[in-house]
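Source: prediction; values computed, not measured.
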Amino acid sequence: MTTMTTGSDTLTRDALAVLQPGFTGTSAPDWLLRRIGEGLASVGLFGRNIVSAPQVAALTAQLRAERDDLLVAIDEEGGDVTRIEVRTGSSFPGNLALGAVDDVDLTREVARELGRRLAECGVNLNWAPSADVNSNPDNPIIGVRAFGAETGLVARHTAAYIEGLQAAGVAACTKHFPGHGDTNVDSHHAMPRIDVDLDTLHERELVPFRAAIAAGSKSVMSAHILLPALDPARPATLSPRILTGLLREELGYDGLIVSDAVEMQAIAGTVGIERGSVLAIAAGADALCVGGGLADEGTVLRLRDALVRAVRDGELAEERLADAAARVRALAAWTQQARGDVAAPGAAVQEGTAPGTGSDIGLVAARRAARITASPSWRPLEQAPYVATFTPVMNIAVSSETPWSIGGELAALLPGTESGTFGTDSSAADVLGAAGERRVVAVVRDEHRHPWMAAALDALLAARPDTVVVEMGVPRATPRGALHVATHGAARVCGRAAAEAIAGV
């Protein structure tokens, strides 16, 4: 049941302004255009909204015909998490690959090129980068999305990424505050908990966020995680101690605070999305991400009315909602100014770091990130092999539509290459039967996290020691096989870099 509102009063406009909803379709539905006219200040794009860059540009132009300063957000980390290239795989290798190279100039340039492409499409807010320190190697949700497991490395690359992205006129949204790297639960499914003391949090989790703030990150995204050392009762997204006390007051952050998606089970399955939205704004969040799973007008109206009702019932201070809406509008104003600055004649252009800077900088980075271990007898393949991809269950942040592995890239270099996918119930015998006499290229992902995968690979190598192994996740297992390539990510360009190593290109 919804509260009756006029759609034009200040309170309702502020309630709409703090929402960052998604929608279905590749053009804007009428209901979304109406709500933008009534005060909605942000829209989120997902893979379902995207066919091509020109189509996205047309879509964002349609949206901005209703409101020129609209924030159009996207979850475009590069690497595993891509929306613009959801059906082809990313042109950028992702954070772990950049951390493996450990060249902050390269990271800055990759982020700048990614930002340039987003800006060309009309996107001006990117829910990236991940500033999480991947201190738990069994983390099911971060992994290759982090720059690494070392705090200082993560901090310097987080800062460089923000600088590059925002130089292109796209606001960064550093996530997942105060740090999601030490979890063993995916917050899409349940409530993760990090049981470390305050000293550890300040010396590890918070260091990259301090660097992000110093680098001028225009927004920060909260995590749906419970940290008893900071707040034993409420997850970060709903915690005044964490969002206001720690982030605003102690760390001095004055930009936009965005919640992670409120329909994730850590919120939806506990307090519910309406109650959770009210608590998040009251705690200090300024914008509510919703729409990855719930992408309809009814969800927008439910959250709008929950916020209005909470103000009228005295549960949420009207000044807090007004402050949140003002911060959203301030960021929108910055993006307009940044868009003008980037497009202005004579605007400064930052020089690249090496040949290839520009449209192929992602491939340059992927090549530099590849770690190759060859046996003494290794020779590049000249005949088309069989690519066996061992596929784990993916986390929800990675779209099931996004292809990965190296079959397509290797086929471009060695025509006739064939591929197959193998899961938890597959054996080495299945691979060998499919491969026949062909040389086998085994592609794995986070082998250390999946005992079935490690066992199948062991058996395959015992039967065929000349097998090539490509690790496209976090590389923790000992390199083995005739050739071992650790790509530090599963983006399309990571597959290309591995294919080049295998074919000797």
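Residue S219 forms a side chain to side chain contact (heavy atoms under 4.5 Å, CB included) with just one option from L256, I257, D286, V328, and that option is L256.
Distance alone, capped at 3.5 Å, is enough to place a donor-acceptor pair between the R248 side chain and the Y253 backbone. Of the possible polar contacts, one joining the D9 side chain to the L11 backbone as a donor-acceptor pair under 3.5 Å is found. Side-chain N or O atoms of N124 include none that pairs as donor or acceptor with a backbone N or O of V170 at under 3.5 Å. In this structure, the side chain of H488 engages the main chain of A369 through a donor-acceptor pair within 3.5 Å. The backbone N or O of A146 sits nowhere less than 3.5 Å from a side-chain atom of N134 that would complete a donor-acceptor pair. Side-chain atoms of S217 do not come within 3.5 Å of backbone N or O of I162 as any donor-acceptor pair. Under a 3.5 Å cut-off, the side chain of E163 and the backbone N or O of A215 do not form any donor-acceptor pair. Looking only at distances, a side-chain donor or acceptor of T60 sits under 3.5 Å from a matching main-chain atom of C121. For the pair R48 (side chain) and G25 (backbone), a donor-acceptor distance under 3.5 Å is absent. Between the side chain of N126 and the backbone N or O of Q166, no donor-acceptor pair lies under 3.5 Å.
When all heavy atoms of S222 and S259 are compared, the pair lying nearest together is OG-CA, 3.4 Å. The two atoms that bring A15 and L307 nearest to each other are O-CD1, 3.8 Å, heavy atoms only. Pairing each heavy atom of D446 with each of V474, the nearest pair is OD1-N, 2.6 Å. Nearest heavy-atom pair, A211 versus A159, reported as atom, atom and distance to 0.1 Å: O-CB, 4.1 Å. Pairing each heavy atom of P129 with each of N95, the nearest pair is CB-ND2, 4.4 Å. Scanning both residues, A119 and A168, for their nearest heavy atoms gives CB-O, 3.8 Å.
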**OP:** Please lay out, stage by stage, how F177 and I242 fare under the test side chain to side chain contact (heavy atoms under 4.5 Å, CB included).
**Re:** CA-CA 9 Å; F177 184 83; I242 295 174; 3.7 Å; yes
**OP:** Go through H450 and V444 one step at a time and tell me if the side chain to side chain contact (heavy atoms under 4.5 Å, CB included) criterion holds.
**Re:** CA-CA 10 Å; H450 303 288; V444 295; over 6 Å; no
**OP:** Begin with the C-alpha distance, continue with both residues' side-chain angles, and end with the deciding distance and a verdict on side chain to side chain donor-acceptor pair (under 3.5 Å) for H180 and N139.
**Re:** CA-CA 9 Å; H180 211 311; N139 192 314; 4.8 Å; no
Subject >> Test side chain to side chain contact (heavy atoms under 4.5 Å, CB included) applied to R312 and R309, step by step >> reply: CA-CA 5 Å; R312 291 177 175 166; R309 188 165 52 247; 5.8 Å; no
Subject >> Derivation of the side chain to side chain contact (heavy atoms under 4.5 Å, CB included) call for D260 and I267 >> reply: CA-CA 10 Å; D260 207 343; I267 300 298; over 6 Å; no
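To the nearest 0.5 Å, atom CG of residue L303 and atom CG of residue L294 are 8.5 Å apart. Separation of atoms CE (M264) and OG1 (T237) is listed at 8.0 Å; rounding is to 0.5 Å. The CD1 atom of I213 sits 5.5 Å away from atom CG of L247, with the distance rounded to the nearest 0.5 Å. In this structure, I74 CD1 and I50 CD1 are separated by 4.0 Å, a value rounded to the nearest 0.5 Å. Taking CD of E318 as the reference point, atom OG1 of T10 lies at 8.0 Å (rounded to 0.5 Å). Within the model, atoms CG of L33 and CD of E38 stand 11.5 Å from one another, a figure rounded to the nearest 0.5 Å.
Using a cutoff of 4.0 Å between basic side-chain nitrogens and carboxylate oxygens, D102 and R156 are scored as salt-bridged. We find that E113 and R116 are joined by a salt bridge, their nearest charged nitrogen and carboxylate oxygen being less than 4.0 Å apart. Ion pairing between R234 and D231 fails under the 4.0 Å rule for side-chain N and carboxylate O. Electrostatic pairing of E77 and K175 counts as a salt bridge here, judged by a charged N lying under 4.0 Å from a carboxylate O. A salt bridge does not link R108 to D103: none of the charged nitrogens lies less than 4.0 Å from a carboxylate oxygen. Using a cutoff of 4.0 Å between basic side-chain nitrogens and carboxylate oxygens, R64 and D69 are not scored as salt-bridged. Of the charged side-chain nitrogens involved, none lies within less than 4.0 Å of a carboxylate oxygen, so that E447 and R476 do not count as a salt-bridged pair. Using a 4.0 Å cut-off between charged nitrogen and carboxylate oxygen, E297 and R35 count as a salt-bridge pair. Remark: D30 does not engage R34 in a salt bridge, criterion side-chain N to carboxylate O under 4.0 Å. Looking at D75 and R83, a side-chain N of the basic residue comes within less than 4.0 Å of a carboxylate O on the acidic one, giving a salt bridge.
By the 4.5 Å heavy-atom criterion applied to side chains, V144 and C494 are not counted as neighbours. In this structure, the side chains of R117 and F92 come closer than 4.5 Å at one or more pairs of heavy atoms. With a 4.5 Å cut-off on side-chain heavy atoms, V104 and H157 count as touching. Between V300 and W31, some side-chain heavy-atom pair lies under the 4.5 Å cut-off. Side-chain contact between L125 and V72 is absent, with no heavy atoms from C-beta onward closer than 4.5 Å. Taking 4.5 Å as the limit, some side-chain heavy atom of F23 sits within range of a side-chain heavy atom of V43. With a 4.5 Å cut-off on side-chain heavy atoms, V123 and L45 count as touching. In this structure, the side chains of L230 and S239 stay at 4.5 Å or more apart for every pair of heavy atoms.
Taking the six-membered ring where tryptophan is involved, the planes of F390 and W452 are tilted, since the angle between them lies from 30° to 60°.
Heavy atoms from other residues, nucleotides or ligands lying under 6.0 Å from CG of D68 number more than 12.
In this structure, a donor-acceptor pair under 3.5 Å is present between the side chains of S91 and E85. E76 and T82 share a side-chain donor-acceptor pair at under 3.5 Å. A donor-acceptor contact closer than 3.5 angstrom links the side chains of D132 and H176.
Considering only residues two or more places apart in sequence or on other chains, S42 meets the side chain to side chain donor-acceptor pair (under 3.5 Å) condition with none of them.
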Side chains of residues 199-207: which donor-acceptor pairs under 3.5 Å do they make with residues two or more places apart or in other chains?
residue	atom	partner	partner atom	Å
T200	OG1	D197	OD1	2.8
H202	ND1	R210	NH2	3.3
R204	NH2	D182	OD2	3.1

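By the 6.0 Å and 45° rule, R492 does not stack over the aromatic ring of W404.
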